[in-house]
2 protein chains.
Amino acid sequence: MSTAYEETGRSRQKQRTRAALVAAARQLVAEGGRPPTVAEAAEAAAVSRTTAYRYFPTQHALLVAAHPEIETTSMLPAEVGSDPETRIEAAVRSFMAMVVDTEEQQRTMLRLSLQRDAASRELPLRQGRAIGWFTEALDPLADRLGADGVRRLAVAIRAVCGVEALVWLTDIAGLSREQAVEQMAWSAVALVRRANDQPHAL
Amino acid sequence: MSTAYEETGRSRQKQRTRAALVAAARQLVAEGGRPPTVAEAAEAAAVSRTTAYRYFPTQHALLVAAHPEIETTSMLPAEVGSDPETRIEAAVRSFMAMVVDTEEQQRTMLRLSLQRDAASRELPLRQGRAIGWFTEALDPLADRLGADGVRRLAVAIRAVCGVEALVWLTDIAGLSREQAVEQMAWSAVALVRRANDQPHAL
DNA sequence: TTCGTCATGGGACTTGAGTCCCACGAACGG
DNA sequence: CCGTTCGTGGGACTCAAGTCCCATGACGAA
């Protein structure tokens, strides 16, 4: 990671500082389950706290930038076939496996996104890739529902399957993680089925 | 249940102090959209901050205690009939109207419940009444699904309809509050329909 | 070579959550 | 009536999130 000492100039400097912060935060996230404070990330990046805040005005911004992007292009197994229900169930299970794997970070991100007042809520929030994955899983329905119908169905499914729902199902309803995922898969299929039965209703 | 302890002296004092804190917090919640700090509630109750923390170890605990309990016994209009789908849709709309009305507090409670580390997450969290209301709405299905089936369906529906989903649908997916509620109602019906079609699948 | 720009560092300050310790005084028990 | 208990108040302290201001020093253009 000792990059390009040849690169000089102020713009490069900024790039490097930013990259160092992101890399440090990313590493700290990977190491301990608990997300780092800004100060911790700054120190790990050998950068002053003040500077860190210059690049990322909030801890949330830093963690968003540090969020290890899942590189997966698709969440569907190769041999999944064309049945929409089977496909969405597979997609949901893959997606939720990832969410459960990174649950601590997911919770923190959710909490931090709830942190600020209504004003800052207007800011563009980072969307995950779930919509894309679900849309792909729903591809066989594109003819029947139309692109817009598929997208809305994907949104509906994402509303059922995610950290938010996981938090409620486990913390409040008392389900195990496995039960929660089962629940979500079942619900997702229910949504697909209704959309399929009544293409105009959504 | 209240026979054991004396009605005078110190125990009464404790009752009064606690009640004053709850009342103050409740009032502050009602006044400003933004939930009060512990210090604010303490001052409003004419009690020291230290004492406030003695009664409620966290802001979350105080807000939970202060949460104005909705007194509604049922969320169903009188003339709703016996069609489970109609009933659940009405219940969901009523419930979500209440959630949207108190959205700021709901968000804060959600955020605070995410606040602490995994250890404190083990503590019994307060459950809302949604499950009860949804169960009531699903009453016509009791024969078909059994009590347990109804409860699990109610849980599934609550996972789809609540602040958590509202937050995602509005903040991330960009839906309006109305659209989000529509979405939830549609999803809830989808779940009921699937449960009804395949009573054993859940 | 000089001079202004600009990324950075350092430290003080604010605010809210929460903890700890000690002192005061009213209530209680003997 | 006296001593203990216990609810309370006050203040100091920690910690993390942010904010602000000023100094410094390298970069880069004239």
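Worth knowing before you read on, the calculation uses all heavy atoms, side chains too, and leaves out hydrogens, waters and symmetry mates. First the proteins, then the strands, lettered A, B, ... as listed; each starts at 1.
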Trainee: For B:Tyr53 and D:dT14, what is the distance between atoms OH and C1' respectively, to the nearest whole Å?
Mentor: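 It works out to 13 Å between those atoms.
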Trainee: How many Å lie between CG on B:Leu62 and P on C:dG18, as a whole number?
Mentor: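 Spelled out: CG on B:Leu62 to P on C:dG18 is 10 Å.
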Trainee: By the 4.0 Å heavy-atom rule, please label A:Thr50 as base, sugar-phosphate, or nothing.
Mentor: base
Trainee: Taking atom C1' of D:dG18 as reference, at what distance in whole Å does atom CG of A:Leu112 sit?
Mentor: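 In whole Å, D:dG18 C1' and A:Leu112 CG are 13 Å from each other.
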Trainee: Can you list the residues that meet the side chain to side chain donor-acceptor pair (under 3.5 Å) rule with A:Thr50, with sequence neighbours excluded?
Mentor: none
Trainee: Output all residues satisfying side chain to side chain donor-acceptor pair (under 3.5 Å) with B:Glu40, sequence neighbours left out; order by chain, then residue number.
Mentor: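 B:Glu40 satisfies side chain to side chain donor-acceptor pair (under 3.5 Å) with B:Arg34, B:Thr37 once adjacent residues are dropped.
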Trainee: Without decimals, in angstroms, what is the distance between B:Glu40 CD and C:dG16 P?
Mentor: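 Nearest whole value for this atom pair: 7 Å.
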Trainee: Taking side chain to side chain donor-acceptor pair (under 3.5 Å) as the definition, give me every residue that meets it alongside A:Thr108, ordered by chain and number, with sequence neighbours left out.
Mentor: none
Trainee: Would you please name every residue forming a salt bridge (Lys or Arg N to Asp or Glu O under 4.0 Å) with B:Glu43, sequence neighbours left out?
Mentor: none
Trainee: Give every residue pair that meets the salt bridge (charged side-chain N to carboxylate O under 4.0 Å, His left out) criterion with at least one member in residues 156-165 of chain A, sequence neighbours excluded.
Mentor: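 Every salt bridge (charged side-chain N to carboxylate O under 4.0 Å, His left out) pair that includes a residue of residues 156-165 of chain A, provided the two are not neighbours, is A:Arg158-A:Glu164.
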Trainee: I'd like a table of atom pairs between the protein and nucleotides 6-8 of chain C - only N or O on both sides, under 3.5 Å - with the distance next to each one.
Mentor:
from: C:dT8; atom 1: OP1; to: A:Gln13; atom 2: NE2; distance (Å): 3.2
from: C:dT8; atom 1: OP1; to: A:Thr17; atom 2: OG1; distance (Å): 2.1
from: C:dT8; atom 1: OP1; to: A:Tyr55; atom 2: OH; distance (Å): 3.4
from: C:dT8; atom 1: OP2; to: A:Tyr55; atom 2: OH; distance (Å): 2.3

Trainee: Expressed in angstrom and rounded to an integer, what is the separation of B:Gln15 atom CD from D:dG7 atom C1'?
Mentor: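 So the CD-C1' distance, B:Gln15 to D:dG7, works out to 14 Å.
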Trainee: Whole angstroms only, please: what is the CD-P distance between B:Gln59 and D:dA16?
Mentor: 18 Å
Trainee: Is it the case that the side chain of B:Arg49 and the backbone of B:Val38 share a donor-acceptor pair, with hydrogens and angles ignored and the cut-off at 3.5 Å?
Mentor: no
Trainee: Using whole Å, report how far CZ of B:Arg49 lies from P of D:dC13.
Mentor: 14 Å
Trainee: Atom CZ of A:Arg111 and atom P of D:dA16: how far apart are they, to the nearest Å?
Mentor: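 These atoms are roughly 12 Å apart.
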